[in-house]
Structures are given as C-alpha cells and as structure tokens.
Amino acid sequence: MAARIRLCLILLLVLPVTVILTPIQILVMKAFPKHAGKIPLFWHRYLLWSLGVRVHIHGKMAKDRPLMIVSNHVSWSDILVLGSVGELCFIAKDEVKSWPGINWLSALQRTVFVNRQNAREAGVQADTIAARLLSGDVMVLFAEGTTGGGNKLLPFKSALFGAPQMALAQSGLESISVQPVALAYNTLHGMPLGRYHQTYASWPGDMELVPHLLNFFVQGSFDVDVCFGEALAFDRSTLRKPFANRIFQMVRKDFARMRRLYHKA
C-alpha cells in the first residue's frame, strides 16, 4: 500500500509538469535550438528531486567544445542522472525508439539513435553525431554498448568512437575533446548497495524494463556519484582502439574510487 501511495504521489508531481513543459520544449527545439537543453536539464533535476535521488558530482564538465562525454552504463536512469548535471544530448541504441514513453522523452532530449547491428548505417550515424558535436552539442556516449550489473565495467567498444574521427574529417579542427565520466549507484536509503543489491539500481539487459522502472521509482532514495575525469584530445593521429582502452581505464579507476567511498571493507 505504501509503495502504491508513493508511486501515485510521484506521478502527481511529475505528470502535470511534463505535460506543461512538452509543448514548450517542442517550440524551443524548432525556434531556439541553441536553448533546447535548458528544459530537459530542469526536468531531469525535478524528476530526481521527486524520486528522492541525490546526485553527488566530483570534478567538473570540461569547457572545451566540441566535447563528447564517455560514460559507463549502469541503468536507464543514467540518462536522468547525467541529464541533471548539464545540458547534454545522448547517443542511444536504436531499439529505444520502440519503448513507449521513453522514445518520446528521448526525442525531446534530442537523442541520436544508432543501430549497432547494421554496419552500413554506421557511417551515416557517425556523421550525424559529428555534425551535432560541431554544432556545439555535448554528446554522451555509453561506450560499453549496453547496461551492466553495476559492480564492474564491461569493455568499451572502440567502434563507437567513430564520431570524433568523422567530426575531424568534417572540420578544420585540430582535435575533439573526449571526457571520461564514471557513474556509481552507491546507497539506497543511506545504506551501501553491496554486490548483491545492485539490481535495485542497475538494469542488466535480461531484466524487464517496466517492473524495474516502477521498482526504481518506489525505492527512490538512491545516492549516485558522478565523477568527471580529465578530458583527452582526440586528434587526427589518434587510433580508436588504444584510445578507447585508455578512456576505459580512466573510467574504471574512478568507478572503483567512487565505490570505495561507501564500501570500506
């Protein structure tokens, strides 16, 4: 009963604001595209506040532009968390377009969808992301290519780093900045989320989305740490595989450090 009451209260807080902001965001996207990130930023912060999720930021987002952020991927909620930190746009897998509600919200966030199974589309998709980078949008890449279990990182896919190469090819720029970011869900109601309780927050691909989403909303009070690492320059001489591995090592190191903040044993 308490869970249902909490869920109803959250919906009463979030749905009216979402309905009001949606047409405004559509108008802003068409008439003032340079300001299209402001409403999603507010909405993500408001939603996390409604849920009781606390985001702890370590370091700062780089001021360099063009800028691509590369993060580990724990759950669908990573978009809410990172979306509350700055005016960001996301790169998502193509199947998200078939998720009711989330596909609509993703479109309002100006998400770029990629089909990682279709090699013929890879060049076009990288070209689209590159154009967005060059227009000033900060693009977020979840380089594992899927969500993990929240206890360790999956290897980063070097093929997903094609966008910086394409952006350099389209411009006269010397380099594109790529900033590693580590996400860690560390506590629930103030208690550390150990190895066997990470599924309260994490969303591995074999779990049904809707039950996990509803349970996340009901549980609410998570502490999430977001650690910005040092931005690296991706230039014309950069090789994707070594670069992807270097970014992976930086994110893994910061992820482990964020986990140790709450798990001393």
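Just so it is clear, the structure is predicted and the values come from calculations on it, not from any experiment.
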Student: So T238 and Q165, side chain to side chain contact (heavy atoms under 4.5 Å, CB included) or not? Walk me through it.
Tutor: CA-CA 9 Å; T238 300; Q165 283 186 328; over 6 Å; no
Student: What's the separation between atom CZ in R6 and atom CG in L11, rounded to the nearest 0.5 Å?
Tutor: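 The CG atom of L11 is 11.0 Å from CZ of R6, to the nearest 0.5 Å.
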Student: Just by modelled atom types, is the A244 backbone N or O under 3.5 Å from a matching donor or acceptor in the S158 side chain?
Tutor: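 Not confirmed, S158 side chain does not pair with A244 backbone.
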Student: To check you understand the geometry: which heavy-atom pair defines the closest contact between A130 and A167, and what is its length?
Tutor: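 For A130 and A167, the tightest heavy-atom pair comes out as CB-N, 3.4 Å.
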Student: Using the rule that Ile, Leu, Val, Met, Phe, Trp and Tyr join whenever any side-chain heavy atoms are under 4.5 Å apart, tell me whether V19 and L21 fall into a single cluster.
Tutor: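 No, it is not one cluster - the side chains of V19 and L21 are not joined through contacts under 4.5 Å.
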Student: Heavy-atom count check: over 12 atoms from other residues, nucleotides or ligands less than 6.0 Å from R236 CZ?
Tutor: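 Result for CZ/R236: enclosed.
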Student: Rounded at 0.5 Å granularity, tell me how far CG in L9 sits from CZ in R4.
Tutor: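 Answer for the CG-CZ pair, L9 versus R4, is 14.5 Å.
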Student: With a 3.5 Å distance limit and no angle check, can you tell me whether Q198 reaches the backbone of Y185 through a side-chain donor-acceptor pair?
Tutor: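 Side chain of Q198 to backbone of Y185: a pair is present.
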Student: Would a 4.5 Å heavy-atom cut-off, applied to side chains only, mark W203 and D78 as touching?
Tutor: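 They are not in contact (no side-chain heavy atoms under 4.5 Å apart), so the answer is no.
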Student: For the hydrophobic clusters of this structure (ILVMFWY residues joined by side-chain heavy atoms under 4.5 Å, transitively), does one cluster hold both I26 and L41?
Tutor: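 In one cluster: no.
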Student: Just to verify, what does H73 make a ring-ring contact (aromatic ring centres under 6.0 Å, His included) with, not counting sequence neighbours?
Tutor: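 F142.
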Student: For V114 and I129: C-alpha separation, side-chain torsions, deciding distance, then whether side chain to side chain contact (heavy atoms under 4.5 Å, CB included) applies.
Tutor: CA-CA 10 Å; V114 297; I129 297 167; 4.0 Å; yes
Student: Closest approach of V112 and R132, non-hydrogen atoms and distance?
Tutor: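 Between these two residues, the closest heavy atoms are CG2-NH1, 3.4 Å.
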Student: List the steps and the verdict of side chain to side chain contact (heavy atoms under 4.5 Å, CB included) for H58 and F228.
Tutor: CA-CA 6 Å; H58 308 263; F228 287 92; over 6 Å; no
Student: Measuring from S237:OG to L168:CG, what's the distance to the nearest 0.5 Å?
Tutor: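 It comes to 10.0 Å.
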Student: Under the side chain to side chain donor-acceptor pair (under 3.5 Å) test, which residues partner H35, sequence neighbours left out?
Tutor: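 Counting only residues at least two positions away or on another chain, H35 forms no side chain to side chain donor-acceptor pair (under 3.5 Å).
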Student: Locate the shortest heavy-atom distance separating L13 from Y46; write the atom from each residue and the value.
Tutor: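 Between these two residues, the closest heavy atoms are O-OH, 2.9 Å.
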Student: Can I69 and F90 be said to form a side chain to side chain contact (heavy atoms under 4.5 Å, CB included), step by step?
Tutor: CA-CA 9 Å; I69 286 175; F90 294 87; over 6 Å; no
Student: Name every donor-acceptor pair, under 3.5 Å, that has one atom in a side chain of residues 172-181 and the other anywhere in the protein, sequence neighbours excluded.
Tutor:
from, atom 1, to, atom 2, distance (Å)
S177, OG, D64, OD2, 3.2
Q179, OE1, A62, N, 2.8
Q179, NE2, K60, O, 2.9
Q179, NE2, G229, O, 2.9

Student: If you group Ile, Leu, Val, Met, Phe, Trp and Tyr by side-chain heavy-atom gaps below 4.5 Å, do V53 and W76 land in one group?
Tutor: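 Hydrophobic grouping puts V53 with W76.
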Student: Residues in side chain to side chain donor-acceptor pair (under 3.5 Å) with S135, at least two apart?
Tutor: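 Side chain to side chain donor-acceptor pair (under 3.5 Å) list for S135, sorted by chain: empty.
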Student: Going from OG1 on T111 to CG on N103, what distance comes out if it is rounded to the nearest 0.5 angstrom?
Tutor: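 It comes to 10.5 Å.
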Student: How far does CE of M139 sit from CG of L133, to the nearest 0.5 angstrom?
Tutor: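 It is 6.5 Å, given to the nearest 0.5 Å.
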Student: When rounded to the nearest 0.5 angstrom, what distance separates OH in Y200 from NE2 in H189?
Tutor: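 Taking OH in Y200 and NE2 in H189, the distance rounds to 9.0 Å.
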Student: State, to 0.1 Å, how close A184 and R259 come at their nearest heavy-atom pair, and which atoms those are.
Tutor: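 Looking at all heavy atoms of both residues, the shortest contact is CB-CD, 4.2 Å.
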Student: Residues two or more places apart in sequence or in another chain: which of them pass side chain to side chain donor-acceptor pair (under 3.5 Å) with R54?
Tutor: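 Only D223 meet the side chain to side chain donor-acceptor pair (under 3.5 Å) criterion with R54.
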Student: Going by ring-ring contact (aromatic ring centres under 6.0 Å, His included), name the residues that satisfy it together with W104, two or more places apart in sequence or in a different chain.
Tutor: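 For W104 there are no ring-ring contact (aromatic ring centres under 6.0 Å, His included) partners, ignoring immediate neighbours.
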Student: Quick check: do P164 and F243 have side-chain heavy atoms less than 4.5 Å from each other?
Tutor: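 Not touching, per the 4.5 Å side-chain cut-off.
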Student: Hey, can you pull the donor-acceptor pairs under 3.5 Å for the side chains in residues 247-258, sequence neighbours left out?
Tutor:
from, atom 1, to, atom 2, distance (Å)
Q249, OE1, R252, NH2, 2.7
D254, OD1, R257, NH2, 3.2

Student: What residues form a side chain to side chain donor-acceptor pair (under 3.5 Å) with S50, not counting sequence neighbours?
Tutor: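 Per chain and number, S50 pairs via side chain to side chain donor-acceptor pair (under 3.5 Å) with no residue.
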Student: Where the side chain of N215 meets the backbone of P211, is there a donor-acceptor pair that is under 3.5 Å apart?
Tutor: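 No: the side chain of N215 does not pair with the backbone of P211.
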Student: Not counting sequence neighbours, which residues clear ring-ring contact (aromatic ring centres under 6.0 Å, His included) with F222? List them please.
Tutor: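 In terms of ring-ring contact (aromatic ring centres under 6.0 Å, His included), with neighbours along the sequence ignored, F222 is linked to F216.
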Student: Holding to side chain to side chain contact (heavy atoms under 4.5 Å, CB included), I want the full list of residues that pass it with M29, two or more places apart in sequence or in another chain.
Tutor: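 M29: side chain to side chain contact (heavy atoms under 4.5 Å, CB included) contacts with Q25, A36, L108, R110.
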Student: Is there side-chain contact between R45 and V55, with heavy atoms separated by less than 4.5 Å?
Tutor: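 Side chain of R45 against side chain of V55, heavy atoms only: no contact under 4.5 Å found.
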Student: Tell me which pairs pass salt bridge (Lys or Arg N to Asp or Glu O under 4.0 Å) where either residue lies in residues 178-193, with sequence neighbours left out.
Tutor: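 Passing the test, one end in residues 178-193: no pairs.
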Student: May I have the list of side-chain donor-acceptor pairs in residues 81-89 shorter than 3.5 Å, sequence neighbours left out?
Tutor:
from, atom 1, to, atom 2, distance (Å)
S84, OG, V81, O, 2.6
E87, OE2, K38, NZ, 3.2

